[in-house]
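Report on the structure given below.
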Amino acid sequence: MMSSNLIRLTGEKLTDVQMEQYRELGYLAFEGVLSPEEVEASRAELKALLGRPFADAECGKWEEGRPMGKNNHSGPSFQMKENRSFFQLESDCDWSGLSADELELKVRKYMWFDEESDYYQKMVKAHKGLFSVLDSVFPQGVELYQSMALVKPPRIGSEKPWHQDNAYFSIKDPNGTIGIWIALDDAQVENGCMHVLPGGHKMGPLKHEHTFDCEIKKDRFDPEGMLPIPLKPGGALFFHGNLPHWTPINSSDSRRRALQFHYRSVDNPIISAEEYDAVFVEADGSPATCHAATPENF
Ligand SMILES: O=C(O)CCC(=O)C(=O)O
């Protein structure tokens, strides 16, 4: 198995060698993108955000049960009434009567969390480490497309099956998107760290199908060459929107919180899901998106 080739961000921009790795392998992994202080602050802010539906002053602003699509995991979810923020619990969770601390150990993911937080707004707009990579890959500039906190709690954190993030998006040029996955805990195989298929972005769009989630089935690719990317808290993976990746269940007693941001280059517009079905296609021209797999889920 290849090593994950963890490197430290040293300069303002990526080196030519790092750019070459990004182009060839479709990812770069760095340690220490967030400082220990930033990791602490990020954890505290996430905890505060997740506790909000249960704080007296806030609970009237949330409602339970935004439909998540009929197959896309089945845990209960909470929707902020005033904006698009929502979070989802792991399947089969009974959340009634839980304290905010207990609730955090049931959460699967929290979408658009940055919009609720001045702290995270600053991070997504101006974090030096994030932008040293973003500015190198997209010198024309970027815009945030999506944010999610992926909480994968101990023992119950579910698998995220193999997928390409571009299959979920609807952005005109699939080469003009990038994902950033930041570990807030020590992320190892046992608690569900990221696994990538190095160079897999070069296969182009692969058909996605709905099972318990939207995924690429094994008739489309061979995950044999997959590489786990263990990261210490504050380490980050930057990856091409077409790179197939997977995270296993959290089978350990350790937490595995992560932040994930997706950016698109400024010259790469958002288009409709229907238009995108004609862009993100397999070699024979057939749509490979999650929208095409189950349009009613989108
Ligand atoms: O952090 C995880 O478990 C999976 C994240 C991921 O690949 C995704 O949500 O697209």
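All values below were derived from every heavy atom in this structure, side-chain atoms included, with hydrogens, water molecules and symmetry-related copies excluded. Here, residue 1 is the first one in the sequence, and each next residue gets the next number. Read the numbers this way: they start at 1 and go in the same order the structure lists the ligands and their atoms.
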Which segment of R108 sits under 4.0 Å of ligand 1 when only heavy atoms are counted: neither
Check: Y145 ring centre within less than 6.0 Å of Y263 ring centre: no
Close approach of W181 to ligand 1, heavy atoms, under 4.0 angstrom: yes
Which of the ligand 1 atoms, numbered from 1, are nearer than 4.0 Å to a heavy atom of K152: 3 (O)
Step-by-step salt bridge (charged side-chain N to carboxylate O under 4.0 Å, His left out) determination, D186 to R257: CA-CA 9 Å; D186 190 3; R257 288 161 289 185; over 6 Å; no
Structural part of K109 in contact with ligand 1, heavy atom criterion under 4.0 angstrom: neither
Ring center gap for F138 and F131 short of 6.0 angstrom: no
Between Q140 and D267: side-chain donor-acceptor atoms closer than 3.5 Å: yes
Residue and atom name of the nearest protein heavy atom (relative to atom 10 (O) of ligand 1), distance in Å to one decimal: H163 NE2, 2.9 Å
Pair N191, S254: side-chain N/O donor-acceptor within cut-off below 3.5 Å: no
Trace of the side chain to side chain donor-acceptor pair (under 3.5 Å) decision for D165 with H245: CA-CA 9 Å; D165 288 338; H245 58 284; 3.2 Å; yes
Residue part near ligand 1, for Y168, under 4.0 Å between non-hydrogen atoms: neither
Atoms in ligand 1 with a heavy atom of M148 nearer than 4.0 Å: 9 (O)
Sub-4.0 Å heavy-atom approach of E159 to ligand 1: no
Closest to atom 9 (O) of ligand 1 (judged by heavy-atom distance), picking from H262, Q260, M194, H245: Q260
Shortest heavy-atom approach to atom 4 (C) of ligand 1 - which of L237, N250, T247: T247
K160 N/O under 3.5 Å from ligand 1 N/O: no
Shortest protein contact, atom 5 (C) of ligand 1 (heavy atom only): L150 CD1, 3.4 Å
Ring-ring centroid check Y110 F87, cutoff 6.0 Å: yes
Donor-acceptor pair between E38 and S42 side chains, under 3.5 angstrom: no
